[in-house]
Amino acid sequence: QVQLVESGGGSVQAGGSLRLSCAASGYSYSMYCMGWFRQAPGKEREGVAAIDSLGRTSYADSVKGRFTISQDNAKNTLYLQMNSLKPEDTAMYYCAAEARSCYVDLARKLPGFFGYWGQGTQVTVSS
């Protein structure tokens, strides 16, 4: 059974940094496409970043230059380094994975593409 477990969320002041981690387990095949999504209260789930098995990445315009998605295949762990955080980054952040290959720019915009999800980790940025 595939499990994705996020960690690293918390409360920070604007301008601060956090690094989210997503530990994946329970599968013997490769996850070809992984991503980070976020959802703020009353808003739709938004794709933040996505990465494929070759390391190609895609970012939402709102986080470009501030967030970096990466993966450690040896550890089956996905990361999201978040710098220069803003109050509008406040949301629940979710890790997602899919065994199918993907076009990262498209996958990032389609949460329904991903078959596996973590439980989420809260990020709160105060001004």
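Count residues from 1 along the sequence.
Judged purely by atom type and a 3.5 angstrom limit, Thr124 has no side-chain atom pairing as donor or acceptor with the backbone of Thr90. Panel note: side chain Ser62, backbone Ala60; no donor-acceptor pair is recorded below 3.5 Å. Gln81 places no side-chain N or O within 3.5 Å of a backbone atom of Arg66 that could act as its donor or acceptor partner. Tyr59 places a side-chain N or O within donor-acceptor distance of the main-chain N or O of Ile69, the cut-off being under 3.5 Å.
Between atom CE of residue Met34 and atom OG1 of residue Thr77 there is a gap of 8.5 Å, rounded to the nearest 0.5 Å. Atom CZ of residue Arg19 and atom CE of residue Met82 lie 11.5 Å apart, to the nearest 0.5 angstrom. Taken to the nearest 0.5 Å, the CG atom of Leu54 stands 11.0 Å off from the SG atom of Cys33. Going from atom CG of Asn83 over to atom OG1 of Thr68 covers 6.5 Å, rounded to the nearest 0.5 Å. Rounded to the nearest 0.5 angstrom, Phe67 CZ and Leu20 CG are separated by 8.0 Å.
Annotation: cation-pi pair Arg38/Tyr94 absent, no NZ/CZ under 6.0 Å from the ring centroid and within 45° of its normal. A cation-pi arrangement is absent between Arg108 and Trp36 under the rule of less than 6.0 angstrom and at most 45 degrees off the ring axis.
Ionic pairing of Lys64 and Asp61 is present here: one or more N-O contacts between side-chain nitrogen and carboxylate oxygen are shorter than 4.0 angstrom. Note on Asp105 versus Arg56: no salt bridge recorded, every NZ/NE/NH1/NH2 to OD/OE distance being 4.0 Å or above.
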N/O donor-acceptor pairs under 3.5 Å from side chains in residues 4-14, not counting sequence neighbours:
{"residue": "Glu6", "atom": "OE1", "partner": "Gln119", "partner atom": "N", "Å": "3.0"}
{"residue": "Glu6", "atom": "OE1", "partner": "Gln119", "partner atom": "NE2", "Å": "3.4"}
{"residue": "Glu6", "atom": "OE1", "partner": "Gly120", "partner atom": "N", "Å": "2.9"}
{"residue": "Glu6", "atom": "OE2", "partner": "Cys95", "partner atom": "N", "Å": "2.8"}
{"residue": "Glu6", "atom": "OE2", "partner": "Gly120", "partner atom": "N", "Å": "3.2"}

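Heavy atoms from other residues, nucleotides or ligands lying under 6.0 Å from OH of Tyr32 number 12 at most.
Follow the hydrophobic side-chain contacts under 4.5 Å out from Tyr93 and you never reach Tyr79; the two are in separate clusters. Taking hydrophobic clusters as Ile, Leu, Val, Met, Phe, Trp and Tyr residues chained together by side-chain heavy-atom distances below 4.5 Å, Ile51 does not share a cluster with Tyr103. Linking ILVMFWY side-chain heavy atoms closer than 4.5 Å, directly or via other members, places Val104 and Leu78 in two distinct hydrophobic clusters.
Nearest approach of Phe113 to Ser101, heavy atoms of both residues: CZ-O, 3.6 Å.
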Query raised in the report: What do the steps show when you test Leu80 against Val48 for side chain to side chain contact (heavy atoms under 4.5 Å, CB included), and what is the final call?
Result: CA-CA 9 Å; Leu80 185 69; Val48 175; 4.2 Å; yes
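Ring-plane geometry between Trp117 and Phe37 is classed as tilted, the angle between the planes lying from 30 to 60 degrees on a 0 to 90 degree scale.
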